[in-house]
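Worksheet: the structure to be examined is printed underneath.
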Protein chains: 2
Amino acid sequence: MQPDYHDETSGCLRVSEMLGRIANKWTLLIVRELGDGPKRFNALRRDIGDISQKMLSSTLKTLERDGIIIRDVTPTTPPQVEYSLTPLGRDMQAPVNALAEWAMRNADTMDASRNRFDMRNHA
Amino acid sequence: MQPDYHDETSGCLRVSEMLGRIANKWTLLIVRELGDGPKRFNALRRDIGDISQKMLSSTLKTLERDGIIIRDVTPTTPPQVEYSLTPLGRDMQAPVNALAEWAMRNADTMDASRNRFDMRNHA
DNA sequence: CTGGATCCTTTCAGATACTG
DNA sequence: CAGTATCTGAAAGGATCCAG
C-alpha cells in the first residue's frame, strides 16, 4: 500500500522533508550537468564553475546515496571516476531542467524587481 | 544589452546565482501553497506545517523582493495581510509543482536507496 | 586525478520574548 | 493577527594540506 500523499498532516511534512534533500542549488546544478552524459569529477567541477571541491564531493555522495547518480571507478593510474545519472536521476531531469530554465528566463525580471524593491526601501 | 545566456562562463554562474535564490525548500513550499490562491500569514504557517514564523516571514520578504509574491495589507484591527502570487509567481508554479510532485512520487525509492547505501557502508 | 581530513568563517534556522 | 528583535546552536561552504 502506498502512503497517502494527500493526507493533510504527514503528506506536507513528507514533501518538506524530500524538498529539503533535493532543493538546493548544487544538487540541481549537478543533475543538470549530468544530463549531457557521464562526466568525471574535474569535468563537473569545471563545467559548474564556482563549486568548491568539498561541496562537489559531498553533494555527489549524497546524490549517490539517494540513488540519483552512479559512481563508476576505473582503477587505473591515475584512477578514473565517472558519474552518471541513474534511471531515477534521468527521470528527475525534466523537472530540474524546467526549474533551471525558468530561472534563466526570468533572471532579469527578478533582478529588476529587486532593484525596485530596494529603491523603495531606500536601502 | 542583455547578458549572454549561452556564454560558457558567465551563463553558468548566472544559473548558479538564480538557483541559489529560488532553490530552497521554504521558497518552493510557499510558492506551492499559494498556488491554491491568496493566503494569510498564519494560514500559510499552518498549511506548511513545520516552518517557524521567522523563516516564513523572512522567506516571504525575499519572495516579495524578487517579484514572485505580493503582500496586501488591509489596515483593520487586527490587521489583515494577504499573500498571493504575481504573474511571475504563477509562471513559476508549473516547474515548482513538477519538482515537488517528482519528489513525492519518488520519496520511497530514495528512502530505500538510502537504506541500502547505509547498509553497505555498515553505518 | 580523485578525493578525504581539518580548520575556520559565514549563513541558516529554531526558540523565545516582545510590539502595534 | 502579523510580525520584529535577539540569542544561540547547527549546518553550509571555502581554503589548505595531504593521500592513494
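All figures in this text were calculated on a predicted structure; none of them were measured in a lab. Lettering of chains follows the sequences in order, A, B, ..., and the numbering in each one begins at 1.
Taking every side-chain heavy atom of A/M55 into account, D/dG13 is the closest of C/dG3, C/dT2, D/dG13. Candidate nucleotides C/dT2, D/dG3, C/dA13 were compared by shortest atom distance to the side chain of B/V81, and D/dG3 ranks first. The side chain of A/K54 has D/dA15 as its nearest neighbour among C/dG4, C/dT2, D/dA15.
If you measure from atom CG of B/L29 to atom C1' of C/dA13, you get 15 Å, rounded to the nearest angstrom. Rounded to an integer number of Å, the gap from CZ of B/R45 to P of C/dA13 is 15 Å. Rounded to an integer number of Å, the gap from CG of A/L44 to P of C/dC1 is 14 Å. What separates CG of A/D50 from P of D/dG14 is a distance of 7 Å, to the nearest Å. Taking atom CG of residue B/L56 and atom P of nucleotide C/dC12, one finds them 16 Å apart after rounding to whole Å. Rounded to a whole Å, the CG atom of B/L60 is 7 Å from the P atom of D/dG3. The distance between atom CD1 of A/I69 and atom C1' of C/dT2, rounded to the nearest whole Å, is 14 Å. Counting to the nearest Å, the C1' atom of D/dC1 and the NZ atom of B/K39 are 17 Å from each other.
Within the nucleic acid shown, A/Q53 comes within 4.0 Å of at least one base atom, counting heavy atoms only. Residue contacts for A/K61: at a heavy-atom cut-off of 4.0 Å it reaches the sugar-phosphate backbone alone, with no base atom in range.
Look at A/W26 and you'll find a side-chain N or O under 4.0 angstrom from OP1 or OP2 of D/dG13. At least one side-chain nitrogen or oxygen of A/Y83 sits closer than 4.0 Å to the OP1 or OP2 atom of C/dG3. A sub-4.0 Å separation between OP1 or OP2 of D/dA2 and a side-chain N or O of B/R40 is present. Checking the phosphate oxygens (OP1, OP2) of C/dC12, no side-chain nitrogen or oxygen of B/N24 falls inside 4.0 Å. OP1 or OP2 of D/dG3 has at least one side-chain nitrogen or oxygen of B/R71 nearer than 4.0 Å.
Of all the heavy atoms in A/M18 and B/A107, the pair that sits closest is CE-CA, 3.5 Å. Considering every non-hydrogen atom in both B/L13 and A/G49, the closest pair reads CD2-C, 4.5 Å.
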**Request:** Begin from the C-alpha positions of B/R40 and B/Y83 and carry the test side-chain contact (heavy atoms from CB on, under 4.5 Å) through to its verdict.
**Result:** CA-CA 6 Å; B/R40 294 174 52 184; B/Y83 294 93; over 6 Å; no

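In this structure, A/D111 and B/R21 have side chains that are in contact, with non-hydrogen atoms separated by less than 4.5 Å.
Without hydrogens or angle criteria, A/T59 side chain to A/L56 main chain gives no donor-acceptor distance under 3.5 Å.
For B/S57 and A/I51, each mapped to the nucleotide of DNA chain D holding its nearest heavy atom, the one lying further toward the 5' end belongs to B/S57.
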